[in-house]
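Every heavy atom of this structure was used, including side-chain atoms; hydrogens, water molecules and symmetry mates were not.
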2 protein chains.
Amino acid sequence: MPPRRHRPTLKDLAARLGISESAASFALNGRPGVSEETRRRVLDLAKELQWAPHHAARTLSGITSMTVGFVLTRDVREFGMESFYLRLLTGAQSVLSTRGYGLLFQMTSAVDEELAVLRRWSEERRVEGVIISDLRRGDPRPAYLKELGLPAVLAGGPDPKKLLPCVTVDDAAAMRLIVDHLRATGHRRLAYVSGPADLLHVHRRIAAFRKAAAGSLAEPGVIGTDYGDEQGLAATRWLIEAPVRPDAVVFDNEVLAVAGVRALRSAGLSVPADISVVSCEDSAICTALQPSLTAVQRDPAVFGEAVAAKLLRLIHDEPVPDADAQQPNLAVRESTQQR
Amino acid sequence: MPPRRHRPTLKDLAARLGISESAASFALNGRPGVSEETRRRVLDLAKELQWAPHHAARTLSGITSMTVGFVLTRDVREFGMESFYLRLLTGAQSVLSTRGYGLLFQMTSAVDEELAVLRRWSEERRVEGVIISDLRRGDPRPAYLKELGLPAVLAGGPDPKKLLPCVTVDDAAAMRLIVDHLRATGHRRLAYVSGPADLLHVHRRIAAFRKAAAGSLAEPGVIGTDYGDEQGLAATRWLIEAPVRPDAVVFDNEVLAVAGVRALRSAGLSVPADISVVSCEDSAICTALQPSLTAVQRDPAVFGEAVAAKLLRLIHDEPVPDADAQQPNLAVRESTQQR
DNA sequence: GACGGAAACTAATGCGCTTTAGCGTAGGGA
DNA sequence: TCCCTACGCTAAAGCGCATTAGTTTCCGTC
């Protein structure tokens, strides 16, 4: 590996052209103070020498760091096949990069670790703002970010204390869509295999499910899991061994749904003939499976784009639109059928 | 949102303690030149005021930027459900963060865009090194990185021109594992639904497959796809409509495999009774499906860890071990059965 | 009691850039 | 003719830190 080439500095440019550093700086930044001819010469030379401003130097002299952070606290084992986060990241990143922002990514395994990362990033002035997600009950992050004064957007709010702006999907509406569909197609005993209830969005979904399905609830109506496929299997088995078997099961994401379908099959039940299945999260696997799974659609990439856009507005002190709720859509597929 | 708190600087610390900036700097960086007592006072005050070194200032004064980049050029549509990259990212990130490095992530949609990103990062001195992946035939990146003098590690090599160090999985060995297993279980007409052949690892797999399966090849033996599930469906249909139907099909990843199983089923064929199926990539879905899929196992997170570790060695001019080939393992599951 | 030397600091410089203030020169209006 | 302004540019300061070269004080030593 050759030694990293000595990068030309502004001083080099200026010296080669016999002008001052400031003139070069003006020229390169499109500010007044230099003649058009000088500007051209500077730009040409800069291109020739492959000059680019030193990021740290720029940041130090007051320009922002042009970086946004994204911390994700997640049990690594849970990352089985969920594609949600990568797609979210993809979307956020695409908006950021077109605006010249970089995305600093870090995963942590616990909330206090995440707090430490946020704090370090803030103190080091390494990021202009951050994206956080997966708010839990009593989550310390919104207040902490507020205290740090670090711009932040919550992917998947809302924040109950309204400390942070957020981009959210209307979880209750999504759940109503599902339940309405199931009832309209003749289902009368609905069950829901949810994620961990201390996740706020799960909590909202459970509440919405209970409310919407009132009168048509199976017993048990809701079973919590850790989003892992083993618990998905177990929960489903439990449901079908209940005295009165549900005629439709809603799963919180596609991982659980896949596990559920498997459990149903190995119990000799057919989907959708015996039991209908719905996933609250869509992904390629829902259409690839047989039967394909009825699922709530929301494009995680679009979601990520909205989050990033909102964060940039926040960073630039532009007015931030209040609630950015993506309206969910239900893709009805083969796994639900008229009773 | 309260205004971002004014961050204390070294000067502030020094002033409050009545000492010079340099003394404070010495104390904070654990170098000699200050008494233990002064050091304590500085450290205490720093903690009290939540002082942290300004990242840009540090970088500017010669300390490295403590950042590593990861660019991914990928057709966004292909990100259906592949979890590989998120897991790779997870692994790399975990190693980096324990060493205090940040991970700058960017996705691009074409190779020349990626080159531009790499160049900008290098010129701006924004990253110390980068991770790249998915080398294609005639890929310009290794030479370009060499020219930039930017440390880089290839995730999933080897680089045919040996310009870049890499961490690799022995693709040929993986393919031999598969083929040996299939032959040992009595399969005699093997077919392979691969990814795009201009990806080098796909190319290697195809060659290895052709060689290992010589004498037991179906006709057609290999069909290329774009990794999308539609082409997976089409390729599989084509295979089973061939005059002599294969008795086992190898799919390049789980996305293709899932699509393939679906195609087989809808053609009235049973897996594994009529046709065995193997996936070259494992993920939760392979075990969740029914039948569960026999697949080559390699932990993308471990892979990512190895890549990051290697990059750090490279950055620090430590000797870089030559070939870091992860030995693949074949998880035999329900989708392959004795003929 | 003078001297070498370590210890504990301070002063000053530089990293590469942005920005403000300042300084000639040319042109235009009175 | 003189003044005022606009222009094109230079000089200098500053961002926050690391680091090197000095400076002072104190100690042990012969």
Side-chain angles (χ1 to χ4, degrees), chain A residues 4-43 45-46 49-67 100 120-126 128, chain B residues 4-43 45-46 49-67 100 120-126 128:
Chain A
R4 201 155 170 189
R5 203 176 47 221
H6 177 67
R7 210 181 57 88
T9 70
L10 252 196
K11 197 196 288 189
D12 297 334
L13 289 191
R16 295 252 308 226
L17 293 174
I19 61 177
S20 70
E21 277 183 65
S22 1
S25 176
F26 292 150
L28 290 162
N29 291 310
R31 345 220 110 176
V34 282
S35 65
E36 277 314 307
E37 198 218 322
T38 308
R39 191 183 300 276
R40 271 255 60 79
R41 289 173 57 216
V42 173
L43 290 174
L45 184 61
L49 299 185
Q50 305 208 335
W51 177 90
H54 191 301
H55 183 250
R58 250 194 138 149
T59 303
L60 190 55
S61 41
I63 306 304
T64 80
S65 66
M66 298 299 279
T67 308
R120 193 162 49 76
W121 280 353
S122 174
E123 288 179 350
E124 292 181 343
R125 286 286 190 269
R126 194 156 181 182
E128 297 301 301
Chain B
R4 200 158 172 187
R5 202 176 46 219
H6 177 66
R7 208 180 60 86
T9 69
L10 254 197
K11 198 195 289 189
D12 297 333
L13 289 192
R16 296 253 308 226
L17 293 175
I19 61 176
S20 70
E21 277 183 66
S22 0
S25 177
F26 292 149
L28 290 162
N29 291 311
R31 354 217 103 181
V34 281
S35 66
E36 277 314 306
E37 198 219 318
T38 308
R39 192 185 299 275
R40 271 256 59 79
R41 291 174 54 216
V42 174
L43 289 174
L45 185 62
L49 299 185
Q50 305 208 335
W51 177 91
H54 191 301
H55 182 249
R58 240 190 140 124
T59 303
L60 190 55
S61 40
I63 306 303
T64 81
S65 65
M66 296 301 278
T67 308
R120 195 161 47 76
W121 280 353
S122 173
E123 288 180 350
E124 293 181 344
R125 285 289 190 269
R126 194 158 181 180
E128 296 301 302

Which residues pass the side-chain hydrogen bond (donor to acceptor under 3.5 Å, both in side chains) test with [X], sequence neighbours left out?
| X | answer |
| --- | --- |
| A:T59 | none |
| B:R31 | none |
| A:R41 | none |
| A:S35 | A:T38 |

Separation of B:S65 OG from A:R126 CZ (nearest 0.5 Å): 7.0 Å
Value rounded to 0.5 Å, distance of CH2 in B:W51 from CG in B:L45: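 If I round to the nearest 0.5 Å, the distance is 11.0 Å.
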Scan [X] against the nucleic acid and name what it touches under 4.0 Å (heavy atoms): base, sugar-phosphate only, or nothing.
| X | answer |
| --- | --- |
| A:L10 | base |
| B:T9 | sugar-phosphate |
| B:A52 | sugar-phosphate |

All salt bridge (Lys or Arg N to Asp or Glu O under 4.0 Å) counterparts of B:R120, not counting sequence neighbours: B:E124
Salt bridge (Lys or Arg N to Asp or Glu O under 4.0 Å) involving A:R39 - partner list, sequence neighbours excluded: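 By the salt bridge (Lys or Arg N to Asp or Glu O under 4.0 Å) rule, A:R39 matches A:E36.
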Tell me the interatomic distance from [X], atom [atom1], to [N], atom [atom2], rounded to whole angstroms.
| X | N | atom1 | atom2 | value |
| --- | --- | --- | --- | --- |
| A:L28 | C:dC17 | CG | P | 9 Å |
| A:R31 | C:dT20 | CZ | C1' | 12 Å |
| A:D12 | C:dC17 | CG | C1' | 13 Å |
| A:R58 | C:dC17 | CZ | P | 9 Å |
| A:H54 | C:dC15 | NE2 | P | 11 Å |
| A:K11 | C:dT18 | NZ | P | 15 Å |

Along DNA chain D, first and last positions that approach a heavy atom of chain A under 4.0 Å: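 The contacted stretch runs from D:dG8 to D:dG16.
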Phosphate-side-chain proximity, A:R7 and C:dC17, N/O vs OP1/OP2 below 4.0 Å: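 Yes, because at least one side-chain N or O of A:R7 sits under 4.0 Å from OP1 or OP2 of C:dC17.
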Student check: side-chain heavy atoms of B:T67 and A:H55 closer than 4.5 Å: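 No, side chains not in contact.
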Residue closer to the 5' end of DNA chain C, B:G62 versus A:I63 (nearest nucleotide):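 This one resolves to B:G62.
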Angle of first-five versus last-five pair axes in the helix from C:dG1-D:dC30 to C:dA30-D:dT1, to 10 degrees: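 So the angle between the two local helix axes works out to 60°.
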Exercise answer: donor-acceptor pairs, residues 12-28 of chain B side-chain atoms, under 3.5 Å, sequence neighbours excluded:
from, atom 1, to, atom 2, distance (Å)
B:D12, OD2, B:T9, N, 2.9
B:S20, OG, B:A23, N, 3.2
B:S25, OG, B:N29, ND2, 3.4

Donor-acceptor under 3.5 Å (B:R7 side chain, A:S122 main chain):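 No, because the side chain of B:R7 does not come within donor-acceptor range (under 3.5 Å) of the backbone of A:S122.
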Restricting both atoms to N or O, compile the protein contacts to nucleotides 7-10 of chain C shorter than 3.5 Å, with distance only.
from, atom 1, to, atom 2, distance (Å)
C:dC9, OP1, B:T38, OG1, 3.0
C:dC9, OP2, B:S35, N, 2.7
C:dC9, OP2, B:S35, OG, 3.1
C:dC9, OP2, B:T38, OG1, 3.0
C:dT10, OP1, B:S20, N, 3.4
C:dT10, OP2, B:S20, N, 2.6
C:dT10, OP2, B:S20, OG, 2.6

